[in-house]
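So that we are looking at the same thing, I have put the structure below in structure tokens.
Here is how names work: the chains are called A, B, and so on, in the same order as the sequence lines, proteins then strands, and each is numbered from 1.
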There are 4 protein chains.
Amino acid sequence: MSPRSAKQFNDIRKQKTELIMETALELFAEKGFHATSISQIAKKAGISKGLTYNYFESKKEILDELIQHGFNTIFDSLDLNKDGIVTKEEFIHFIRHSFSLVRENLQHWKLFFSLLVQPHVAETFSKEYKIKGEPVFLMMYNFIKSQGSNDPEGDLMAISAMIEGAFLYFVAAPDVFPMDIMEEKVINACFKIINN
Amino acid sequence: MSPRSAKQFNDIRKQKTELIMETALELFAEKGFHATSISQIAKKAGISKGLTYNYFESKKEILDELIQHGFNTIFDSLDLNKDGIVTKEEFIHFIRHSFSLVRENLQHWKLFFSLLVQPHVAETFSKEYKIKGEPVFLMMYNFIKSQGSNDPEGDLMAISAMIEGAFLYFVAAPDVFPMDIMEEKVINACFKIINN
Amino acid sequence: MSPRSAKQFNDIRKQKTELIMETALELFAEKGFHATSISQIAKKAGISKGLTYNYFESKKEILDELIQHGFNTIFDSLDLNKDGIVTKEEFIHFIRHSFSLVRENLQHWKLFFSLLVQPHVAETFSKEYKIKGEPVFLMMYNFIKSQGSNDPEGDLMAISAMIEGAFLYFVAAPDVFPMDIMEEKVINACFKIINN
Amino acid sequence: MSPRSAKQFNDIRKQKTELIMETALELFAEKGFHATSISQIAKKAGISKGLTYNYFESKKEILDELIQHGFNTIFDSLDLNKDGIVTKEEFIHFIRHSFSLVRENLQHWKLFFSLLVQPHVAETFSKEYKIKGEPVFLMMYNFIKSQGSNDPEGDLMAISAMIEGAFLYFVAAPDVFPMDIMEEKVINACFKIINN
DNA sequence: GATGAATGAGTATTCATTCAT
DNA sequence: CATGAATGAATACTCATTCAT
């Protein structure tokens with residue numbers, strides 16, 4: 001009875017939803033949420049303004065979905081080895097993996113950093129960010145302690161700051177430092193900090 | 001009927017200009033440039049919309065002046081001891097002073113981080129930021145080298161990232177780590193990184 | 001694979017057409033023509049937007065059909081006893097029947113009153129309403145005259161206004177007066193007016 | 001200091017506010033609230049769309065102000081002679097005055113009837129309308145009783161309906177009956193109803 | 001210098017309607 | 001017959017900017 005099968009409709013929906021989200025992410029990341037208009041998104045995506053509202057209730061909802069989706073892609077892939085013991089190799093792998101995540105999701109990270117700095121845009125973002133970050137801090141803390149640090153709290157702060165800072169350089173000023181070298185140096189520095 | 005003296009006019013101009021800039025800084029820092037309207041600035045400053053345009057050509061110009069002014073207050077106070085030798089005490093003082101600058105100019109830093117992440121807002125900002133940063137990197141590089149580091153470039157990267165990251169935590173998530181302790185730990189970590 | 005018979009198709013058509021009209025009537029009556037969207041009608045009717053256009057050329061056409069249909073249900077059932085003499089009993093029955101019509105077609109009446117007041121929505125409505133009303137006025141006039149009124153024109157005005165007003169209360173403010181009592185009082189008042 | 005005096009600004013505001021309200025009333029009355037756009041109002045008023053929002057927060061606020069203003073002009077002028085005894089002359093004067101109010105505020109009444117029929121447009125209107133109407137009903141009831149009616153409640157219903165109906169004809173179909181004659185006949189009918 | 005009325009282009013959003021399937 | 005994706009024009013509303021006073 002129905003003309004296109006349910007699957008066909010689903011495929012179209014999925015494809016268009018992704019198209020809109022990808023396009024919006026590019027623009028939000030580059031210009032910011034408020035400086036990006038629905039017209040621009042639609043134009044860049046090659047669709048009509050109206051269609052956008054066929055898939056999203058509002059511009060804000062696009063952002064929220066992007067945040068949700070970003071959190072998932074970024075944090076779900078982290079193997080925090082909860083409860084277990086983290087070996088040196090695993091810790092290094094975790095750091096390298098995190099750098100890869102930034103490399104491969106640059107726009108998500110750009111968006112995230114901008115939301116972090118201007119929390120009024122998406123009220124829930126900063127909170128969620130901290131919640132998602134906590135297990136990471138915990139894993140790192142346990143590892144640092146297990147390595148015999150005599151100031152695990154202090155080392156955690158220094159290391160967290162260093163990694164966050166490296167990511168920020170990555171995202172905002174990748175030409176200041178060569179990022180592959182930065183990665184090595186950060187890993188080295190972690191152990192210098194811990195083993196003293 | 002008596003006309004105001006030139007000095008009186010100048011005083012008024014200066015005072016109003018500062019009022020507008022301060023108010024704009026608060027709003028830009030908190031909500032972002034695009035999400036802040038001239039009406040909001042005028043309302044919060046207790047003046048009329050029109051008056052804003054008596055002192056600034058456009059909303060963009062307010063931002064540009066804020067950037068300029070921010071760069072000046074932040075970087076002018078840095079004593080980089082160019083050409084001379086930086087002692088350990090001077091380096092520590094430099095770091096502490098930098099942390100103080102963030103503490104005391106939180107809104108400027110908020111604005112700066114947001115501009116850093118979304119360069120389309122103020123085209124020249126990122127470039128300028130790098131230019132202003134270069135002497136700082138140079139000073140740090142020289143200091144690290146003078147301390148006998150066997151990888152001064154690498155240590156510079158790690159230390160720069162750590163400081164930048166600490167500032168970001170300061171600005172965006174000051175409740176995650178106690179900032180006075182963070183300051184100590186960063187200083188300690190600097191030397192752990194260098195002396196290895 | 002067996003094709004549906006012409007009858008089956010016709011049944012479906014009729015059934016769907018009625019479904020759409022009923023749903024539209026509810027919404028038009030409650031919220032008004034302009035405040036009701038095709039989406040809302042389709043959603044409430046449990047069909048797709050597109051299907052609506054399979055049965056009606058436009059939103060306006062749904063309204064026009066509703067008007068037509070309303071006129072028919074309302075006025076066709078009136079036995080005006082044209083040319084013949086209307087007895088007192090027949091007149092009373094006519095009034096009671098009219099009240100019943102309002103009671104049973106409340107939404108139609110709501111829609112009609114709103115169209116009456118805002119004639120721009122359906123250009124032809126007011127005219128048609130007057131045309132359909134004329135034989136009613138004539139019947140009433142003849143009856144009033146036959147009852148020996150010494151000012152039949154004047155009495156017609158008063159009685160017409162009273163009935164119209166009672167219907168309006170019915171439709172717009174049924175809680176102000178108990179409608180079954182109102183019906184009795186209106187009938188009584190008619191004769192008070194005529195017999196003086 | 002200020003260019004235009006406070007009074008000048010006030011005058012402009014008052015004048016423009018009135019202009020917008022008058023224009024909006026015309027259009028709301030003729031086409032309905034939802035079918036009237038801000039563009040149409042602005043165009044007809046000879047001002048820009050933006051200016052409308054300098055004076056009113058929203059289209060809805062214009063309507064609300066019109067309702068408020070309408071209630072005031074219509075009901076404030078009614079002398080209900082509360083607590084006192086209403087003479088026959090006073091009652092007649094009240095009816096005549098009410099007819100005049102409709103005559104002179106035709107558009108307000110059009111708007112009001114449309115809001116009465118479609119209460120979703122302005123949630124509070126119907127309620128308010130009933131509240132404002134109550135003292136009128138009370139005054140009429142007392143008068144009817146004082147005239148020796150043996151069914152004051154019933155007579156009130158009939159008379160209220162008649163007046164409301166007459167107003168509706170006035171507003172929606174003034175060419176069906178000559179309104180000055182209608183006025184006389186309604187007054188007459190009132191007494192026919194009461195005195196039986 | 002100061003005001004706020006006025007504008008017009010822009011923004012998010014809605015909606016009647018079309019059409020491929 | 002039926003679906004819902006797609007469009008484009010329209011809608012309510014915002015906002016940087018201008019300007020007469």
- Message: In whole Å, I'd like the distance from the CD atom of B:E61 to the P atom of F:dT18.
- Response: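 It works out to 12 Å between those atoms.
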- From A:L25 CG over to A:E18 CD, what is the distance, rounded to the nearest 0.5 angstrom?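 These two atoms lie 12.5 Å from each other.
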- With a 4.0 Å cut-off on heavy atoms, is D:F56 in touch with a base, just the backbone sugar-phosphate, or nothing at all?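 D:F56: no heavy atom of the nucleic acid under 4.0 Å.
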- Proximity to the side chain of A:L51 - top-ranked nucleotide from E:dA5, F:dC1, F:dA5: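 The answer is F:dA5.
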- Task: Find the distance between CG (C:L51) and CD1 (C:I38) and round it off to the nearest 0.5 Å.
- Result: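 Answer rounded to 0.5 Å: 11.0 Å.
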- Query: With distance as the sole criterion, do the side chain of A:N54 and the base of F:dA6 form a donor-acceptor contact below 3.5 Å?
  - Reply: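 Yes, a donor-acceptor pair under 3.5 Å.
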- Task: Please figure out whether B:K16 or D:N10 has its closest DNA chain E nucleotide nearer the 5' end.
- Result: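 This one resolves to B:K16.
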- Item | Separation of E:dT7 C1' from D:Y55 OH (nearest whole Å) |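 That distance rounds to 12 Å.
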- Query: Roughly how far, to the nearest 0.5 Å, is NZ of D:K49 from OG of D:S37?
  - Reply: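 Output value for this atom pair is 8.5 Å.
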- Message: Is there a side-chain contact between D:R13 and the phosphate of E:dG4, meaning an N or O under 4.0 Å from OP1 or OP2?
- Response: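 For E:dG4, OP1/OP2 do not have a side-chain N/O of D:R13 under 4.0 Å.
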- Under 3.5 Å side-chain donor-acceptor pair for C:K110 and D:Q118: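 The criterion, which ignores hydrogens and geometry beyond distance, is not satisfied for D:Q118 and C:K110.
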- Within this structure, what is the NZ-to-P distance between D:K43 and F:dA12, rounded to whole angstrom?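 Atom NZ in D:K43 sits about 14 Å away from atom P in F:dA12.
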- Of the nucleotides E:dG1, F:dT7, F:dC1, which one has an atom closest to the side chain of A:I47?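 Of all the options, the side chain of A:I47 is nearest to F:dT7.
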- Grab the CZ-C1' distance between D:F9 and F:dC19 for me, whole Å please.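 To the nearest whole Å, that distance equals 11 Å.
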- Search all heavy atoms of C:I41 against all heavy atoms of C:T23 and return the closest pair with its distance.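 Closest approach of C:I41 to C:T23: O-CG2, 3.6 Å.
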- Convert the base pairs of DNA chain E into dot-bracket notation, remembering that pairs crossing earlier ones are written with [ ] and that bases paired across to another strand are shown as |; include only Watson-Crick or G-U pairs under 3.5 Å. .||||||||||||||||||||
- For atom CD1 of D:I20 and atom P of E:dA5, their distance in whole Å: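 About 11 Å, once rounded to whole Å.
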- Classify the ring geometry between B:H108 and B:F112 as parallel (under 30°), tilted (30 to 60°) or perpendicular (over 60°).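 Perpendicular.
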What pairs of nitrogen or oxygen atoms, one from the protein and one from nucleotides 11-13 of chain E, lie under 3.5 Å apart?
unit_1 : atom_1 : unit_2 : atom_2 : d
E:dA12 : OP1    : A:T36  : O      : 3.4
E:dA12 : OP1    : A:K59  : NZ     : 2.9
E:dA12 : OP2    : A:I38  : N      : 2.9
E:dT13 : OP2    : A:Y53  : OH     : 2.6
E:dT13 : OP2    : A:K59  : N      : 2.8
E:dT13 : O5'    : A:Y53  : OH     : 3.3

- Protein-nucleotide distance (D:D11, atom CG; E:dA6, atom P), rounded to Å: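 My rounded result for the distance is 12 Å.
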- Query: Could you state the interatomic distance from CG (A:D64) to NZ (A:K59), rounded to the nearest 0.5 Å?
  - Reply: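 These two atoms lie 12.5 Å from each other.
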- Task: Measure the distance from CD1 on B:I41 to C1' on F:dT17 and round it to the nearest whole Å.
- Result: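 Result: 13 Å.
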- Task: Check whether more than 12 heavy atoms from other residues, nucleotides or ligands sit under 6.0 Å from atom CD of B:E123, and answer yes or no.
- Result: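 Yes - once you tally the heavy atoms of other residues, nucleotides and ligands closer than 6.0 Å, there are more than 12.
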- For D:I12, report the nucleic acid contact type (base, sugar-phosphate, nothing); a contact means any heavy atom under 4.0 Å.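 Here D:I12 touches the backbone only, sparing every base.
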- Message: For the aromatic rings, using the six-membered ring if either is Trp, is the centroid distance between A:F125 and A:F71 under 6.0 Å?
- Response: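 Ring centroids of A:F125 and A:F71 are less than 6.0 Å from each other.
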